[in-house]
Undergrad: 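Following this message is one structure expressed as structure tokens.
Throughout, a chain's letter reflects where its sequence line sits, starting with A, and its residues are numbered from 1.
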Amino acid sequence: MPPRRGSGEKGRGSGSEEKDQWVVVVPDSVTESQDGGPTFVKLLHPKTEKSGMFLFSKENQQVLEVLAFQEEFRSWFIGESIQQDGSLHMVTPVDPLFLVLPYLVKAYESGMYMPIDQLISDDQYPECTRLLSCINTSDLEHICDVKGSGDVRACRYSEERTLKWLKQKVEQAADKLTDSSVKVTGGAQLLTFTHSLKTEQASRDDYLRYACGLVSDYISADLSKQLTQHMGIKLPEKKEVKCGEPPAKKAKLSSEIPEAAEDYSKFAVKDDKPKNTKMTAAQRALSKVDKTGMKSISSFFSPKTAAKNKK
Amino acid sequence: MSVEVDLSGVNGETAPPKLHLLPCEIEHTGPAQVAQYFTPSIRDNGQGVLQASFRGRELRGGTVSLPDGYTGLVLKEKHKAVSDEEARVFHAGQKFQEFTYWNMETPPSRNDALQKAMHWLDISKAIHAPVDRNISQNGSHTRVKLEDSSP
């Protein structure tokens, strides 16, 4: 690559400058078409219910999500240049059904069957109509009751079908985690021990729970709760904490992606500790002292007990 | 708002650029003499770990190859859109299949956040691949059954 010199850009690279360069990793399927490239658009993210960045391949055949891997204090050298922003954007295909689900759930309140192109429209995210060409019509049956045939099909969200479909997703993901021996149990691990310990750790339940956490990143908190109940997955208490405040997409990514689900265990541990840390230094010292025969200082100031003692 | 990506600039003929992900933030975006000052310091210690020095600090690093089926691109917005109505276009200039990532002192390992993140490319496939319709109708999963029956 020829060095980009003398382009008059020198000295322009202050931190305040808006980004104009990105390092991305995309599937080959996206780069193969030379005429008419893909398009980045903002869509409603099914979990956060805020906007998320997505990529549509040429002619909207495929929808992909854009995730940023960011660590503090990272920059890129790219050929003969520096890019201050050290994030790596990963673009991976996303099942379009996840993205249409919020619209279907919303329309379900009316109880009516509607054609899919009427269901998926959004003033805030007008680009969502691109999703229509990503979806295989027959796949809608995974999440909807469908009436009619051919061109005139009307859909209505079906909780039963959706949960069944999500369950399969979780199982698919759990299989993959098992195959790629991703560590799903909590805690840090010494590399020296990974080989000897890998096989006996992580039961099928562990993998399912972890996979369920991954799938839950694409559905609403309510649906996630239903899914865990439906599958009989026991999450450590404090699950509500995680549901209550879904982290923004980027926040989640800045930490390690596959690690996210481990928060469950961290929450459980953390909960016990604060009680101890709240004690003052004096209280801690006191707790070590033998207190037999000692009275609480407040008892000396209580008139009733004082009166009784005199008698 | 939508942003188009122009892939016409992707050229397979020129050598791919060398990418290094550094363990520090450099408050500069623009040209730098990487080949003259950084590249010569890179050494391979023979155990798959690379060593380099940057500003007097020793760095340990490794090469990360993108999984099969994935390509790296450097996207650049050549012209800033002046108004909101004007379409934004990113130009895909350089294509890469691997990059080098550097840690401060610790040699690269599977415990690194970056290596874990690379797993995502593979695992996300399992989450987003269409489910098998046949299994859907039975409502059960053969593989699960097998595993459940084992103690």
Undergrad: Could you walk me through whether A:Gln84 and B:Glu25 pass the side chain to side chain donor-acceptor pair (under 3.5 Å) check?
TA: CA-CA 6 Å; A:Gln84 180 175 353; B:Glu25 184 169 358; 2.9 Å; yes

Undergrad: Measuring from atom NZ of A:Lys58 to atom CG of B:Leu7, what distance do you get when rounded to the nearest 0.5 angstrom?
TA: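 Answer rounded to 0.5 Å: 10.5 Å.
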
Undergrad: Using atom types as modelled and distance alone, determine if a side-chain donor or acceptor of A:Thr39 lies under 3.5 Å from a backbone N or O of B:Val3.
TA: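 No.
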
Undergrad: From B:Thr29 OG1 over to A:Ile82 CD1, what is the distance, rounded to the nearest 0.5 angstrom?
TA: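 So the OG1 of B:Thr29 and the CD1 of A:Ile82 are separated by 8.0 Å.
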
Undergrad: Tell me the closest heavy-atom pair linking A:Pro27 and B:Tyr70, and the distance in Å.
TA: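 Scanning both residues completely, I find the closest heavy atoms to be N-CD2, 3.5 Å.
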
Undergrad: With a 4.5 angstrom heavy-atom cut-off, could you sort out which part of A:Leu177 is near chain B: side chain, backbone, both or neither?
TA: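 Only the side chain of A:Leu177 comes within 4.5 Å of chain B.
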
Undergrad: CG of B:Leu75 to CG of A:Asp20: how many Å apart, nearest 0.5 Å?
TA: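 Those atoms lie 11.0 Å apart.
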
Undergrad: Which answer fits B:Leu66, side chain, backbone, both or neither, if we ask what part of it has an atom under 4.5 Å from a heavy atom of chain A?
TA: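 Interface part for B:Leu66: side chain.
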
Undergrad: Look up atom CD in B:Gln33 and atom CZ in A:Phe77, then write down how far apart they are to the nearest 0.5 Å.
TA: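 The CZ atom of A:Phe77 is 11.5 Å from CD of B:Gln33, to the nearest 0.5 Å.
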
Undergrad: Please check this pair: side chain of A:Lys169 against backbone of B:Ala129, looking for a donor-acceptor N/O pair closer than 3.5 Å.
TA: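 Here the side-chain-to-backbone pair exists.
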
Undergrad: For the side chain of B:His128 and the backbone of A:Val94, is there at least one donor-acceptor N/O pair under 3.5 Å apart?
TA: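 Checked: no pair found.
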
Undergrad: Name the option with the most non-hydrogen atom pairs under 4.5 Å to chain B; the candidates are A:Val215, A:Val26, A:Thr92.
TA: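 Highest number of heavy-atom pairs under 4.5 Å: A:Val26.
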
Undergrad: For B:Ile127 and A:Ala173, work out which heavy atoms get closest and say how close.
TA: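 Nearest heavy atoms, B:Ile127 then A:Ala173: CG1-CB, 3.9 Å.
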
Undergrad: A side-chain contact here means heavy atoms from C-beta on lying under 4.5 Å apart; do A:Met90 and B:Met118 qualify?
TA: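 The answer is yes; the side chains approach within 4.5 Å.
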
Undergrad: Sort out for me which of A:Trp165, A:Tyr125, A:Phe73, A:Phe98 touches chain B most, counting heavy-atom pairs under 4.5 Å.
TA: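 Option with the top pair count is A:Phe73.
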
Undergrad: Assess whether side-chain contact (heavy atoms from CB on, under 4.5 Å) is satisfied between B:Glu77 and A:Trp22, documenting all intermediate values.
TA: CA-CA 9 Å; B:Glu77 189 170 21; A:Trp22 293 262; 4.1 Å; yes

Undergrad: Checking A:Val170 against chain B: side chain, backbone, both or neither under 4.5 Å from a heavy atom?
TA: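 For A:Val170, no heavy atom lies under 4.5 Å from chain B.
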
Undergrad: Among the options A:Val24, A:Leu55, A:Val23, pick out the one with the most heavy-atom pairs lying under 4.5 Å from chain B.
TA: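 Top count of heavy-atom pairs under 4.5 Å with chain B: A:Val24.
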
Undergrad: Say you draw a straight line from CG of A:Leu67 to CH2 of B:Trp120; how long is it, rounded to the nearest 0.5 Å?
TA: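 A:Leu67 CG to B:Trp120 CH2: 6.5 Å, rounded to 0.5 Å.
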
Undergrad: Working to the nearest 0.5 angstrom, can you tell me the gap between B:Ile123 CD1 and A:Gln172 CD?
TA: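 Here the rounded value is 13.5 Å.
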
Undergrad: So do B:Leu22 and A:Arg74 actually touch side chain to side chain, heavy atoms under 4.5 Å?
TA: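 A side-chain contact under 4.5 Å is absent here.
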
Undergrad: To check you understand the geometry: which heavy-atom pair defines the closest contact between B:Val5 and A:Phe40, and what is its length?
TA: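 Heavy atoms only, the tightest pair is CG2-CE1, 3.4 Å.
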
Undergrad: Check whether the ring centres of A:Trp76 and B:Phe99 lie less than 6.0 Å apart, and answer yes or no.
TA: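 Judged by ring-centre distance (under 6.0 Å), A:Trp76 and B:Phe99 do meet the cut-off.
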
Undergrad: Any heavy-atom pair between the side chains of B:Val131 and A:Asp95 that's under 4.5 Å?
TA: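 They are not in side-chain contact.
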
Undergrad: Does B:Lys18 use its side chain to pair, donor to acceptor, with the backbone of A:Gly79 at less than 3.5 Å?
TA: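 Absent.
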
Undergrad: Side chain, backbone, both or neither: which part of B:Phe54 has a heavy atom under 4.5 Å from chain A?
TA: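 When you check distances to chain A, only side chain atoms of B:Phe54 fall under 4.5 Å.
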
Undergrad: Got a sec: does the CG of B:Asp44 have more than 12 other heavy atoms crowding it under 6.0 Å?
TA: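 Above 12, so yes.
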
